[in-house]
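For reference, positions follow the sequence shown, starting with 1. All values derive from a computational prediction rather than experimental measurement.
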Amino acid sequence: MNSASYRIVASKSGYAIEHDGAIEGSYVTREAAFEAVVAPASNAIKDGLAVAIEIPRKESRPAN
């Protein structure tokens, strides 16, 4: 693996982080989810990986 990709996604309880195909965490705000992504992204950079963090515009919450 030469890269690490993180995406902030809407979830039932607020926001979560999609990484390697898995949805992780539960955050009240997009900003909180972003703050949670910073440390693992920084570690990936230290490991020599390319890093992408995607934060889409605010989305409406899922219906379920």
Side-chain angles (χ1 to χ4, degrees):
M1 177 177 180
N2 293 325
S3 65
S5 133
Y6 304 89
R7 184 169 192 260
I8 307 301
V9 295
S11 70
K12 292 178 187 177
S13 60
Y15 295 90
I17 300 165
E18 182 180 343
H19 174 63
D20 290 340
I23 304 295
E24 305 168 351
S26 177
Y27 306 93
V28 175
T29 65
R30 293 182 321 146
E31 293 82 0
F34 172 75
E35 289 173 5
V37 150
V38 171
S42 178
N43 288 334
I45 291 168
K46 289 176 190 171
D47 291 341
L49 302 177
V51 173
I53 300 173
E54 183 180 348
I55 308 167
R57 288 183 185 256
K58 245 183 186 179
E59 303 171 2
S60 59
R61 300 277 190 263
N64 298 337

Working to the nearest 0.5 angstrom, can you tell me the gap between [X] [atom1] and [Y] [atom2]?
| X | Y | atom1 | atom2 | answer |
| --- | --- | --- | --- | --- |
| S5 | D20 | OG | CG | 7.5 Å |
| R30 | R57 | CZ | CZ | 9.5 Å |
| R7 | I55 | CZ | CD1 | 11.0 Å |
| N43 | L49 | CG | CG | 10.5 Å |

Go through it in stages, so that I can follow the logic: the residues are V51 and Y6, the test is side chain to side chain contact (heavy atoms under 4.5 Å, CB included), and I'd like the CA-CA distance, side-chain angles, deciding distance and then a yes or no. CA-CA 8 Å; V51 173; Y6 304 89; 4.3 Å; yes
Side chains of P56 and E54: closer than 4.5 Å at any heavy-atom pair? yes
Step by step, would you call I8 with I17 a side chain to side chain contact (heavy atoms under 4.5 Å, CB included)? CA-CA 5 Å; I8 307 301; I17 300 165; 4.1 Å; yes
Compare every heavy atom of G25 with every heavy atom of A16, then report the nearest pair and how far apart it is. CB-O, 3.5 Å
Determine, stepwise, if the pair V9 / Y15 fulfils side chain to side chain contact (heavy atoms under 4.5 Å, CB included). CA-CA 6 Å; V9 295; Y15 295 90; over 6 Å; no
